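Below is one structure, written out as structure tokens; the observations come after it.
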Amino acid sequence: MADRTTQEGDGIRTYAFPVDLSVRGVGVQVGPMGPGRTWHEDAPLDRVHRIDFHVVMFFNGGPVSHMVDFAEYRARAGDVLWIRPGQVHRFSRSSEYRGTVLTMQPGFLPRATVEATGLYRYDLPPLLHPDAAELAGLRASLAQLQREYEDTTTLPLGLHTAVLRHSLTAFLLRLGHLAAGSAEAAREHADTTFTRFRDAVEQGFATNHSVSAYADALGYSRRTLVRAVRAATGETPKGFIDKRVVLEAKRLLAHTDLPIGRVGAAVGFPDAANFSKFFHQHTDTTPAAFRAELR
């Protein structure tokens with residue numbers, strides 16, 4: 001087999017692009033999502049696993065729940081989910097995946113195209129909601145790409161691959177523009193107070209879990225901070241801080257072999273028992289059980 005998997009130090013398997021399942025062995029695949037879909041020959045789809053290639057899922061039905069980097073995303077018909085190399089994800093046992101899926105091997109496109117399409121913009125949101133015009137453009141571009149992918153008779157392999165690269169570039173330019181636009185719109189609508197609070201939490205969550213401390217440092221009253229954070233996120237400042245702490249704890253539990261006590265200390269809990277209590281309160285599981293589930 002040309003395919004390979006690796007076992008990372010964190011216990012999560014990494015799956016390479018399944019060349020053996022690709023038409024003519026090219027570095028891209030396009031096909032339908034559905035009950036008979038073979039996503040990967042060995043990947044345990046309903047368990048957490050990591051991929052080292054791009055996956056773009058274009059949904060024709062829904063809702064579908066899908067986990068990416070420990071966040072649950074709920075996609076509906078017309079939505080697009082973009083999972084990038086190195087991210088961990090998990091398919092939902094209870095959801096029916098219907099639509100079209102595109103997978104792409106790193107290195108299939110030239111560097112200039114990679115930069116123009118934002119292939120490795122991990123700051124962009126995975127789940128995208130195109131409007132009617134954007135959706136029509138994406139569908140047409142993806143349909144053209146799929147036709148070229150399935151046409152194995154009219155061109156020799158070298159030209160077939162070149163045409164695929166051009167068709168794929170056209171689709172990804174549209175997709176990258178949509179992703180960048182979605183992120184920019186979110187930034188434009190973000191309240192300045194919340195933005196400052198978010199940035200402060202990102203810098204200080206490992207040692208500071210106090211809403212009052214953040215409010216004092218930023219020069220806001222606690223009430224002003226509560227109003228701004230609730231308007232931007234629908235949750236309280238304390239809930240926002242705790243969510244960020246939990247995310248970091250999950251990352252360390254999943255991606256490192258640090259003892260649980262040291263994971264707790266890294267996110268501001270010198271006492272391991274307090275960390276375990278906090279983690280269980282927010283996830284309904286213990287740190288040890290969470291780590292065990294991934295391995």
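Not measured: the values here are computed from a predicted model.
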| Within the side chain of Tyr120, is there an N or O that forms a donor-acceptor pair under 3.5 Å with the backbone of Val114? | no
| query | In this structure, are over 12 heavy atoms from other groups packed under 6.0 Å from His166 atom NE2? | reply | no
| said: I need the minimum non-hydrogen distance between Arg74 and Pro63, along with the two atoms involved. | reply: NH2-CG, 3.2 Å
| When you measure from the side chain of His160 to the backbone N and O of Asp151, does any donor-acceptor pair fall under 3.5 Å? | yes
| said: Quick check on the hydrophobic clustering: are Ile51 and Phe91 connected, directly or via other members, by side-chain heavy-atom contacts under 4.5 Å? | reply: yes
| message | Which heavy atom of Arg165 sits nearest to which heavy atom of Leu109, and what is that distance? | response | O-CD2, 3.8 Å
| request: Would you give the length of the straight line joining atom CG of Asp199 to atom OG1 of Thr195, rounded to the nearest 0.5 angstrom? | output: 6.5 Å
| Side-chain heavy atoms of Met33 within contact of Glu96, under 4.5 Å | no
| Does any N or O in the side chain of Arg291 come within less than 3.5 Å of the main-chain N or O of Leu253, such that one atom is a donor and the other an acceptor? | yes
| About how many Å separate NZ of Lys243 and OG1 of Thr233, when rounded to the nearest 0.5 Å? | 7.5 Å
| said: Between Phe58 and Phe171, is the ring centroid distance below 6.0 Å? | reply: no
| message | Tell me if the NZ atom of Lys277 is crowded by more than 12 foreign heavy atoms within 6.0 Å. | response | no
| Which heavy atom in Val19 sits nearest to a heavy atom in Gly25, and how many Å separate them? | CG1-O, 3.7 Å
| Heavy-atom side-chain contact between Lys250 and Thr283 under 4.5 Å | yes
| Which distance, rounded to the nearest 0.5 Å, do you find between the CD of Gln146 and the OG1 of Thr100? | 5.5 Å
| query | Are Tyr73 and Asp79 side-chain neighbours, meaning at least one heavy-atom pair lies under 4.5 Å? | reply | no
| query | At what distance, to the nearest 0.5 angstrom, does OG1 of Thr103 lie from CZ of Phe53? | reply | 6.0 Å
| query | Using the ring of each side chain (for Trp, its six-membered ring), is Phe275 parallel, tilted or perpendicular to Phe269, with breaks at 30° and 60°? | reply | tilted
| query | Is the side chain of Ser95 donor-acceptor paired with the backbone N or O of Ser65 at a distance under 3.5 Å, no angle test? | reply | yes
| message | Before you tell me yes or no, could you show the steps for Tyr149 and Leu168 under side-chain contact (heavy atoms from CB on, under 4.5 Å), namely the whole-Å CA-CA distance, both residues' side-chain angles and the distance that decides it to 0.1 Å? | response | CA-CA 10 Å; Tyr149 174 71; Leu168 178 60; over 6 Å; no
| task | Applying side chain to side chain contact (heavy atoms under 4.5 Å, CB included) between Ile241 and each of Thr236, Val211, Asn208, report the one that passes. | result | Val211
| query | Do the side chains of Phe205 and Val226 join up, straight or via other hydrophobic residues, at under 4.5 Å, putting them in one cluster? | reply | no
| message | Parallel, tilted or perpendicular, judged at 30° and 60°: which one describes the rings of His49 and Tyr15? | response | perpendicular
| request: Examine distances only and state if a side-chain atom of Glu134 and a backbone atom of Asp131 form a donor-acceptor pair shorter than 3.5 Å. | output: yes
| request: Assess whether atom CZ of Arg24 is packed by more than 12 heavy atoms of other residues, nucleotides or ligands within 6.0 Å. | output: yes
| Does a side-chain heavy-atom distance below 4.5 Å link Val246 with Phe70? | no
| Which value, rounded to the nearest 0.5 Å, describes the distance between Leu142 atom CG and Arg174 atom CZ? | 11.5 Å
| remark: Between Pro85 and His54 the two heavy atoms that sit nearest each other are CD-CE1, 3.3 Å
| message | The test is side-chain contact (heavy atoms from CB on, under 4.5 Å); show your working for Phe279 and Val263 and say whether it passes. | response | CA-CA 11 Å; Phe279 191 86; Val263 171; over 6 Å; no
| Is the shortest heavy-atom distance from the side chain of His66 to the side chain of Ile83 under 4.5 Å? | yes
| task | Find out if a path of hydrophobic residues (ILVMFWY) with successive side-chain heavy-atom gaps under 4.5 Å connects Phe108 to Val56. | result | yes
| Joint cluster assignment, Val30 & Leu155, ILVMFWY side-chain distance < 4.5 Å | no
| 4.5 Å side-chain heavy-atom contact, Arg139 and Asn60 | yes
| message | Set out, in order, the CA-CA distance, both residues' side-chain angles and the distance that settles side-chain contact (heavy atoms from CB on, under 4.5 Å) for Leu175 and Leu128, then state yes or no. | response | CA-CA 9 Å; Leu175 186 65; Leu128 306 173; 3.7 Å; yes
| query | Are the side chain of Gln29 and the backbone N or O of Pro18 linked by a donor-acceptor pair below 3.5 Å? | reply | yes
| Same cluster or not: are Val163 and Leu173 linked, directly or through other Ile, Leu, Val, Met, Phe, Trp or Tyr residues, by side-chain heavy atoms under 4.5 angstrom apart? | no
| message | Assess whether a salt bridge exists between Arg244 and Glu202, defined as any Lys/Arg side-chain N lying under 4.0 Å from an Asp/Glu carboxylate O. | response | yes
| said: Ignoring hydrogens, what is the shortest heavy-atom contact between Glu148 and Ser167? Give both atom names and the distance. | reply: CG-OG, 3.6 Å
| query | Is the closest basic N to carboxylate O distance between Glu72 and Arg90 below 4.0 Å? | reply | yes
| said: Could you go through Leu172 and Met104, starting from their C-alpha distance and side-chain angles, then the distance that decides it, and tell me whether this counts as side-chain contact (heavy atoms from CB on, under 4.5 Å)? | reply: CA-CA 11 Å; Leu172 289 175; Met104 188 192 72; 4.0 Å; yes
| query | What is the distance from atom NE2 of His177 to atom CG of Leu138, rounded to the nearest 0.5 Å? | reply | 10.5 Å
| field | Whether Tyr214 side chain and Phe197 backbone form a donor-acceptor pair below 3.5 Å | value | no
| When the ring centroid of Phe194 is compared with that of Phe240, is the distance short of 6.0 Å? | yes
| said: Check whether Ser22 reaches the backbone of Val28 with its side chain - one donor and one acceptor, N or O, closer than 3.5 Å. | reply: yes
| said: In the structure I gave you, are the side-chain heavy atoms of Leu247 and Arg251 within less than 4.5 Å of one another anywhere? | reply: yes
| field | Nearest heavy-atom neighbours spanning Phe17 and Val26 | value | CE2-O, 3.6 Å
